[in-house]
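Reading through the structure tokens given below for one structure.
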Amino acid sequence: MDPRQGLRLLLPARPVDRDRPARPGQGPRRPRGHLHRGRRAAAVRPHQPAAVRRPDPGLAHLAGDDAAARGRRAHGHPVGGRSPGTGAAGGGHDRGPGHADQHRRRRRHHLDRRGRAMTSPTSGVRTRFCPSPTGTVHVGLLRTALFNWAHARHTGGTFVVRIEDTDAARDSEESYRHLLDSLRWLGLDWDEGPEVGGPHAPYRQSQRHEVYRDVAAKLLAAGHAYESFSTNEEVEARRLAAGQDPKLGYDNADRFLTDEQKAAFRAEGREPVLRLRMPDEDLAWTDLVRGEVRFAAGSVPDFVVVRANGVPLYPFVNPVDDALMGITDVLRGEDLLPSTPRQLALYAALQDIGVASGAPRFGHLPYVTGEGSKKLSKRDPQSNVDVYRQRGFVPEGFANYLALLGWAIAEDRDVFSTAELAEAFDVTRVSANPARFDLKKAEAINATHLRALPVGEFVTRVVPFLAGAGLVADPPTPEQERLLRAIAPLVQERVVVLSDAVELLRFLFVEDVEIDPAAAAKQLSGPEAAEVLDAAAAALRDLGDWTTEAVEAALRTALVDGLGRKPRQAFGPVRVAVSGRTVSPPLYESIELLGRERTLARLAAARAAVPG
RNA sequence: GCCCCCAUCGUCUAGCGGUCCAGGACGCCGCCCUUUCAAGGCGGUAGCACGGGUUCGAACCCCGUUGGGGGCACCA
């Protein structure tokens with residue numbers, strides 16, 4: 001029952017894919033989206049088994065619980081029949097209003113009952129995240145991973161990670177590790193994939209080279225693929241000769257070459273590429289996030305599946321692996337949407353030769369854009385997940401914000417945990433609009449999560465940042481630990497990212513503070529300041545009870561009552577003297593924790609620095 | 001050029017024919033609290049791109065326009 005086992009044959013290979021995450025950019029355009037949404041909601045319910053899956057041996061998807069819905073949806077689905085080509089031609093006419101209502105409420109139909117061969121626990125849903133380990137991890141990529149993970153978790157399905165490392169020139173072991181590390185940091189775990197294994201191993205395409213050749217051979221033998229000898233120049237010349245735009249691409253001219261013709265080409269020394277024969281019907285599918293999407297018959301030319309040198313290409317390898325791994329739901333970046341008709345055609349062919357049991361459902365996620373309407377390119381520093389991590393975004397907060405890029409948990413709420421995301425996530429409710437990455441909002445969400453952390457946890461997370469700045473040991477000494485526990489609650493609500501704590505706490509972990517020039521100019525410039533510092537020092541020098549309360553009382557008495565200063569004028573100089581900055585944790589507490597010795601020393605140092 | 005996607009406050013969104021003179025959040029602006037900064041509380045600013053339909057009724061359905069974006073490789 002596992003057709004895939006049979007496929008492991010030879011095949012050079014190296015291609016592969018990577019579903020690009022949604023990237024940046026774009027804007028608005030024509031009306032109509034709304035209906036799609038309604039339609040989509042009615043037609044596509046996430047957890048349903050993939051539409052139509054026919055014979056399916058090993059792939060456990062399908063089986064759903066709602067046969068009726070399935071049949072209904074089948075129309076809109078690709079690869080319904082066995083006719084090799086065909087997407088769901090003609091689909092579209094289904095779903096009446098009634099169905100809509102009926103399917104509208106979100107419930108989760110876990111299609112359990114399947115069980116067999118699958119590893120997936122409670123439902124047949126199998127999602128995958130298949131990045132290429134090149135360079136940095138893009139926020140859009142991580143968002144794609146998050147949604148795939150959430151969809152799998154929400155439906156009780158299986159989340160698969162597959163590494164598409166077939167580009168030796170760009171891939172690196174370092175990025176591979178970094179990628180996995182980033183996923184784990186975000187809090188995503190996978191059921192099958194690298195370092196975890198699984199029934200469909202290996203999960204790194206660089207180790208799956210042999211798998212593709214057999215599939216290509218079968219496709220050729222079954223007539224779904226054919227040898228094509230045309231060069232690009234020849235194709236262009238033919239199009240021009242026919243008065244057509246050369247940009248239309250390949251003209252399917254080699255579809256019916258005779259053996260003699262092929263032999264003649266070979267005699268010339270030409271080696272053919274393998275092209276997939278596209279069906280003559282429209283290719284359409286009901287996108288999980290966009291509703292029906294349709295490409296007219298003939299608008300997509302036969303595409304190359306295997307190069308002349310035997311190397312299979314991404315558009316071929318990616319779907320093949322998805323089929324072999326039983327992927328039922330493909331959530332990927334919007335940029336891959338135009339290639340979906342080709343995948344649908346390929347799936348139909350794969351199904352015909354027994355490699356696939358039906359096409360998966362597709363959900364094309366909107367782009368994540370940067371400032372302006374420009375796309376958030378991998379080159380844009382803002383797209384690099386590492387910078388957020390390094391600044392001290394906490395995974396809970398970052399995941400929360402990422403989820404907000406195209407999805408909403410409720411009308412009046414936007415702060416939630418990753419677990420709550422999994423609990424409530426519904427792909428069909430993902431917006432089709434591109435979403436701009438708003439740093440301010442990301443920070444606000446992060447700050448909220450930071451404040452919600454238990455104090456001890458906050459300390460644990462902030463230590464690496466303080467240690468990195470050389471302020472505390474890692475782990476902290478008992479005394480440092482004591483200070484941190486005491487001051488943490490006060491800084492926790494004053495930071496947006498963990499690294500903010502460094503400057504806020506520096507004064508507490510150094511012997512002498514370096515006074516910020518600007519702060520000094522503002523608070524330590526005149527005779528009033530000198531007067532305040534002297535009075536403060538006098539009041540604290542012999543203070544009996546060195547507690548926050550006692551410190552406050554002493555300073556108020558001396559400065560406010562004694563000197564008649566307004567609180568603002570009274571405490572400003574003291575704050576700068578003690579912390580070196582105009583912004584600091586609450587003064588009295590800070591002084592208590594700093595201790596009498598250092599406090600008095602700083603007051604004296606600041607006094608000496610006051611000009612005049 | 002061809003194909004496809006998208007279109008509600010500055011930003012992310014809710015909205016699935018009437019309950020919307022459109023709700024939330026971030027941002028921004030006030031006020032309160034206050035030893036700074038935050039946090040918190042209160043209040044405010046700001047939006048259905050346009051034009052036709054359909055309908056008793058449209059932000060929601062249809063068509064078009066305009067405006068964004070993406071894809072058109074023997075790259076992934």
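Numbered from 1 within each chain, the chains take letters A, B, ... in sequence-line order.
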Kindly indicate whether a cation-pi arrangement holds for A/Arg391 with A/Phe393, taking the cut-offs as under 6.0 Å to the six-membered ring centre and within 45° of the axis. no

When rounded to whole Å, the OH to P distance for the pair A/Tyr314 and B/rA73 reads 15 Å

A/Glu292 CD to B/rC5 C1', in whole Å, measures 14 Å

Have a look at A/Leu337 and say if it touches a base, only the backbone sugar-phosphate, or nothing, with a 4.0 Å heavy-atom cut-off. sugar-phosphate

The side chain of A/Val304 is closest to which nucleotide in this list: B/rG69, B/rU36, B/rC74? B/rC74

Pairwise C1' distance, B/rG30 and B/rA46 [rounded to whole Å]: 15 Å

Comparing nearest nucleotides in RNA chain B, the 5'-proximal residue of the pair A/Ser230, A/Ser299 is A/Ser299

How does protein contact run along nucleotides 21-30 of chain B, one letter per nucleotide 5' to 3', with B for base contact, S for sugar-phosphate only, - for none, heavy atoms under 4.0 Å? --BSBSS---

For A/Arg494, all residues meeting side chain to side chain donor-acceptor pair (under 3.5 Å), sequence neighbours excluded: none

Hey, is the side chain of A/Arg494 pairing donor to acceptor with the base of B/rC37 inside 3.5 Å? yes

Should A/Arg429 be listed as having a side-chain N or O under 4.0 Å from OP1 or OP2 of B/rG15? yes

Please classify the nucleic acid contact of A/Val273 as base, sugar-phosphate, or nothing, using heavy-atom distances under 4.0 Å. base

Considering every strand and a 4.0 Å limit on heavy-atom distances, what is the contact class for A/Arg451: base, sugar-phosphate, or nothing? sugar-phosphate

Any strand, both distances under 3.5 Å, Watson-Crick or G-U wobble: B/rC50 pairs with B/rG64

C1'-based separation of B/rC56 from B/rG10 [nearest Å]: 38 Å

Between P on B/rC12 and CZ on A/Arg143, what's the gap in Å once rounded to a whole number? 12 Å

What nucleotide, of B/rC5, B/rG70, B/rU35, holds the atom closest to the side chain of A/Arg556? B/rU35

Does the ring centre of A/Phe437 sit less than 6.0 Å away from the ring centre of A/Tyr401? yes

Without hydrogens or angle criteria, can the side chains of A/Asp302 and A/Tyr226 be said to hold a donor-acceptor pair below 3.5 Å? yes

Pairing residues for A/Ala444 by the side chain to side chain contact (heavy atoms under 4.5 Å, CB included) criterion, not counting sequence neighbours: none

Measure from NE2 on A/His364 to P on B/rG71 and round the result to the nearest Å. 14 Å

Mapping A/Ala408 and A/Ser228 to their closest nucleotides on RNA chain B, which lands nearer the 5' end? A/Ala408

How far does the C1' atom of B/rA59 sit from the matching atom of B/rG51, given to the nearest Å? 16 Å

Could you give the distance separating B/rC48 and B/rC32 at their C1' atoms, to the nearest angstrom? 34 Å

Examine the base of B/rU35 for any acceptor or donor lying under 3.5 Å from a partner atom in the side chain of A/Arg568, and report the outcome as yes or no. no

With distance as the sole criterion, do the side chain of A/Arg436 and the base of B/rU11 form a donor-acceptor contact below 3.5 Å? no

Is a donor from one side chain sitting under 3.5 angstrom from an acceptor on the other, for A/Arg238 and A/Ser230? yes

In whole angstrom, give the distance that lies between atom CD1 of A/Ile515 and atom P of B/rU36. 19 Å

Residues in ring pair (Phe, Tyr, Trp, His ring centres under 6.0 Å) with A/Phe416, at least two apart? A/Trp407

Rounded to the nearest Å, what distance is computed from the OH atom of residue A/Tyr401 to the P atom of nucleotide B/rU11? 12 Å

Could you list the residues that satisfy salt bridge (Lys or Arg N to Asp or Glu O under 4.0 Å) with A/Arg581, not counting sequence neighbours? none

Return the set of residues passing ring pair (Phe, Tyr, Trp, His ring centres under 6.0 Å) with A/Phe265 (not counting sequence neighbours), or none when no residue passes. A/Phe229

What integer number of Å spans the P atoms of B/rU19 and B/rU13? 25 Å

What is the distance, to the nearest angstrom, from the CG atom on A/Leu563 to the P atom on B/rU35? 17 Å

Taking atom C1' in both B/rC12 and B/rG27, compute the distance separating them and give it to the nearest angstrom. 11 Å

Side-chain N,O (A/Asn433) to OP1/OP2 (B/rU8) below 4.0 Å: yes

Write down the distance between CZ (A/Phe295) and P (B/rG70), rounded to a whole number of angstrom. 16 Å

For A/Pro586, report the nucleic acid contact type (base, sugar-phosphate, nothing); a contact means any heavy atom under 4.0 Å. base

At under 4.0 Å between heavy atoms, what does A/Tyr588 touch on the DNA or RNA strands: base, sugar-phosphate, or nothing? base

